[in-house]
Amino acid sequence: VAIKAKNPKSEAFGRIENESKWLKKLNKRNIGPKLLFIGDDYFFYKYIDGGFIIDYFEKSNKRDIKKVIREVFNQMFVLDNLKIDKEEMHHPLKHIIISKNKPYLVDFERAHYSSSPKNVTQFCQFIISKNAVSILKNKRIAVNMAKIISLAKVYKKNQTIKNFKKITEMI
């Protein structure tokens with residue numbers, strides 16, 4: 001198990017309660033680590049034995065990387081459909097853990113409802129970032145930055161499955 005508890009030095013209010021609330025809801029959609037127990041200012045969840053997404057990209061093969069990217073996008077789309085903005089997905093270096101070729105989203109303390117969530121578009125920003133593009137290029141995964149930007153703009157205005165699939169087909 002892993003335990004997440006309020007840092008006594010932190011002035012942030014309600015972060016533990018917020019994260020446990022989101023994990024409880026999102027576990028029903030197979031998103032996030034499995035929530036096991038909620039207490040006062042702490043919760044337990046199933047420990048995820050894996051590595052962060054960039055490390056995974058560096059160590060894995062093209063087929064597995066593409067599969068993980070698509071699965072992360074699918075989870076981002078579920079969040080967008082639920083009108084949940086996770087935040088920080090444009091720089092998710094410590095927000096996605098890969099275990100046995102399965103991505104897990106972690107750290108939902110800043111998640112909130114939004115009429116225009118940005119999870120898919122923020123993950124697009126990450127995929128076209130210099131660091132990600134460099135690693136993906138070394139794995140022979142082409143990233144058409146201009147096309148992804150164009151598709152992300154269309155998706156941002158109209159978050160439909162059709163527009164979403166156009167993005168994932170680029171991978």
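Note: hydrogens, waters and symmetry copies are ignored here, and every other heavy atom, side chains too, is used.
Separating the NZ atom in Lys24 from the NZ atom in Lys34 is a distance of 12.0 Å, to the nearest 0.5 Å. The distance from atom NZ of Lys147 to atom CE of Met170, rounded to the nearest 0.5 Å, is 6.5 Å.
Environment of CG in Asn138: crowded, with over 12 heavy atoms of neighbouring residues, nucleotides or ligands closer than 6.0 Å. Taking a 6.0 Å sphere around CZ of Arg70, one finds it holds more than 12 heavy atoms contributed by other residues, nucleotides or ligands. For NZ of Lys156, the number of neighbouring non-hydrogen atoms (other residues, nucleotides, ligands) closer than 6.0 Å is 12 at most. Residue Lys139 places its NZ atom among more than 12 non-hydrogen atoms of other residues, nucleotides or ligands, all under 6.0 Å distant.
Note on Ile149: it clusters hydrophobically with Phe77, by side-chain heavy-atom contacts below 4.5 Å among ILVMFWY residues. Follow the hydrophobic side-chain contacts under 4.5 Å out from Tyr45 and you never reach Tyr104; the two are in separate clusters. Grouping the Ile, Leu, Val, Met, Phe, Trp and Tyr side chains by contacts below 4.5 angstrom, directly or via other members, places Val133 with Ile171. Note: the hydrophobic cluster containing Val106 does not contain Val78 (ILVMFWY, side chain heavy atoms under 4.5 Å, direct or indirect links).
Closest non-hydrogen pair, Pro117 versus Ile84, comes out as CB-O, 3.6 Å.
For residues 50-74, the ring-ring contact (aromatic ring centres under 6.0 Å, His included) pairs, not counting sequence neighbours, are Phe73-Phe123. Applying the ring-ring contact (aromatic ring centres under 6.0 Å, His included) definition to pairs two or more places apart or across chains, those involving residues 19-38 are Trp22-Tyr113, Phe37-Phe44.
Of the charged side-chain nitrogens involved, none lies within less than 4.0 Å of a carboxylate oxygen, so that Arg110 and Asp85 do not count as a salt-bridged pair.
Residues Lys46 and Val1 have side chains not in contact (no heavy-atom distance under 4.5 Å, counting atoms from C-beta outward). No side-chain heavy atom of Lys62 sits under 4.5 Å from any side-chain heavy atom of Ile65.
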Decide side chain to side chain donor-acceptor pair (under 3.5 Å) for Lys86 and His112; before the verdict, give the C-alpha distance in whole Å, the side-chain angles of both, and the deciding distance to 0.1 Å.
-> CA-CA 7 Å; Lys86 184 184 181 309; His112 61 275; over 6 Å; no
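Seen from the ring of Phe164, Lys166 does not count as a face-on cation partner, given the 6.0 Å and 45° thresholds.
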